[in-house]
Structure formats: structure tokens, C-alpha cells
> 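Dropping a structure here in C-alpha cells format, bear with me for questions.
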Amino acid sequence: MTIQAFIFDLDGVLTDTAEYHYQAWQRLADEEGIPFSREENDAMRGLARRDSLNVLLKGRVIDEATAQAWMVRKNDYYVALLSHISPNDLLPGVSDFLNAAKADGLKLGVGSASKNARPVLEKLNVLSLFDAVGDGYSVVHGKPAPDLFIWVAGRIGINPTQGVVFEDAAAGVQAAKRGGFFTVGLGDAAGDGATIKLAGLSGITPREILTRLP
Ligand code: G6P
Ligand code: MG
């Protein structure tokens, strides 16, 4: 079936906010005396805030009020790190890739677990390029469940087999595969499960992606 849409994860795919999520969790972990590392953070990529907290806790039990307070603190640290984001923070090649895909007649979507996705897209000045934006408010079951990408496909008006999902997270690649999409895994944290594996979006065109699909 002909590909009609490209659907992008946000953090770690369009911009390097994955680094800011990491720094915010690391600050919380340090303050609470919980061992945490950049490697452990890779397991959080793509996961909703609550699921990320569970990864951080590594089986530690905290009461619900504390869990809520810690998530608010992490988000406050993250939002502070976002304050300087501008269109310069699009990852290399992203702007050209999005514009070329649009010029080729593809529909564009975002499927991000983040409740901060819309403000980040606005700061990057790319929100208007997208036909549909699914974020941390769109579905109940986050990645690796396929629900978010299926929700975005529905908004765009395509079947999953007509879409390609771009992800930097293993949980996101899994979600897209479970939903029936083709997948492009970007960077090492995406794992080996994607249809196409790339370091990033620079030096490749949408047409080249289409020719590399099975
Ligand atoms: C993205 C990131 C995750 C983050 C999640 C929730 O998927 O990859 O690291 O935990 O969004 O983000 P939020 O901004 O809602 O806390
Ligand atoms: Mg990501």
C-alpha cells in the first residue's frame, strides 16, 4: 500500500529534548539519593511521566502524594530547561526533511508521550507543519502500547500500513510495530527492531526512505 504519512516522535527525533528529560530526572534522583545514570535513562525514552518514575524508582515504594510531588518537581525542572528552545534546536536535517516530505505530498503527524509536546513544537516553530499532533493527553495507554500512533493515524485519515513512524526509543519502535506501521529507528536507543535504522535525519530524503521500505 502506498505510504501517505510520516509520523514523528518528538523528544530525541525532532529536537534533543530527550537530553533535558534526562537532566531533569537526574536532578530529582540526585536530590532524593537515588542512583541514576544516562544509560538507565535510555530505558525511559518514550515512556509517559508516570512510567518513567517507575523506572527511576527501581522497585522502591513511595506513597501517592510523594509520587505526584516528585513528578511535578521533575516537570518543573524540565520546563525550566525548555525556556531557551528556539527553531535552532531542531536536530540536524529535520527542517529540510519535514519540508521535503510536505512538498512530496505526504501528511505529517506527531506522536509524543509528552504533555509538553505542543509548547515545544510551538517554540521550534514547526507546529503548523503537522496535520495531527498526538501528545501525553491523547490516549490512556502510552508507548509501548500502539494506541497513540493509531490515534494519530486516525486523525490524519490513514491506515497504519500507509504510515511510517520515526522513533528514537525502543518503546516507541515497539508501539509502532504493534500498531502495524513501518518504522525508522533513529540512534542506538531505538534498538534493532525498526524497518530502517539511521543515526538521524540529516543526509537522507523522504524519497530515499520510501525506496528503502520493503
Ligand atoms: C517523551 C519522552 C519521555 C518523557 C515523556 C513524557 O516520550 O521521550 O522521556 O517521559 O515524553 O513527557 P512529559 O513532558 O509529559 O513529562
Ligand atoms: Mg523520543
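It should be emphasised that the depicted structure is a prediction, and the values quoted were computed from it without experimental measurement. Counting starts at 1 for both ligands and their atoms, in listed order.
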> State, to 0.1 Å, how close K123 and P87 come at their nearest heavy-atom pair, and which atoms those are.
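Here K123 and P87 meet closest at O-CD, 3.4 Å.
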
> Roughly how far, to the nearest 0.5 Å, is the OG1 atom of T66 from the CZ atom of R60?
14.0 Å

> Can you pull out the closest protein heavy atom to atom 4 (C) of ligand 1? Residue, atom name and distance to 0.1 Å, please.
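Nearest neighbour among protein heavy atoms for atom 4 (C) of ligand 1, to 0.1 Å: L47 O, 3.3 Å.
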
> My understanding is that a hydrophobic cluster links ILVMFWY residues whose side chain heavy atoms are under 4.5 Å apart, including indirect links. Using that, what else belongs to the cluster containing I150?
I7, V139, L148, F149, W151, V152, I156, I158, V165, F181

> Is there any N or O on A48 that sits under 3.5 Å from an N or O of ligand 1?
no

> More than 12 non-hydrogen atoms from neighbouring residues, nucleotides or ligands closer than 6.0 Å to CZ on R73, yes or no?
yes

> Does G46 have a heavy atom less than 4.0 Å from any atom of ligand 1?
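Per 4.0 Å heavy-atom rule, G46 contacts ligand 1.
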
> With a 4.5 Å heavy-atom cut-off, do L98 and L201 have their side chains touching?
no

> Any luck finding a side-chain donor-acceptor pair between D11 and N116 under 3.5 Å?
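No, N116 and D11 have no side-chain donor paired with an acceptor closer than 3.5 Å.
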
> Would you tell me which option among D11, D42, L53, L10 has the nearest heavy-atom contact to atom 1 (C) of ligand 1?
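The option holding the nearest heavy atom is D11.
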
> Around atom 13 (P) of ligand 1, find the nearest protein heavy atom and jot down its residue, atom name and distance.
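Protein heavy atom at minimum distance: S114 OG, 3.4 Å.
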
> Should K74 and E31 count as an ion pair when the cut-off is N to O under 4.0 Å?
no

> Run the contact test for S52 against ligand 1 with a 4.0 Å cut-off on heavy atoms, strictly below, and give the result.
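It does; at least one heavy atom falls under 4.0 Å.
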
> In Å, rounded to the nearest 0.5 Å, how long is the span from CG of L121 to OG of S112?
7.5 Å

> Provide, to 0.1 Å, the distance between atom 7 (O) of ligand 1 and the closest protein heavy atom, together with that atom's residue and name.
A113 CB, 3.3 Å

> Relative to ligand 1, is T17 under 4.0 angstrom through side chain, backbone, both or neither, heavy atoms considered?
neither

> Between K197 and D192, does any side-chain N to carboxylate O distance fall below 4.0 Å?
yes

> Where is the nearest protein heavy atom to atom 16 (O) of ligand 1: which residue, which atom, and how far?
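Atom 16 (O) of ligand 1 sits closest to the protein heavy atom R49 NE, 2.7 Å.
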
> Counting heavy atoms only, name the option from R50, K115, R45, K74 that's nearest to atom 15 (O) of ligand 1.
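The residue whose heavy atom sits nearest atom 15 (O) of ligand 1 is K115.
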
> Counting only nitrogen or oxygen atoms and a 3.5 angstrom limit, does N116 reach ligand 1?
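By distance alone, the answer is yes.
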
> Group every Ile, Leu, Val, Met, Phe, Trp and Tyr by side-chain heavy-atom contacts under 4.5 Å, then state whether Y20 and Y77 land in the same group.
no

> Counting only heavy atoms not in R50 (residues, nucleotides, ligands), do more than 12 fall under 6.0 Å from its CZ?
yes

> Everything protein-side that's N, O or S and under 2.8 Å from the Mg ion (ligand 2): list it, residue and atom.
D9 OD2, D11 O, D168 OD1

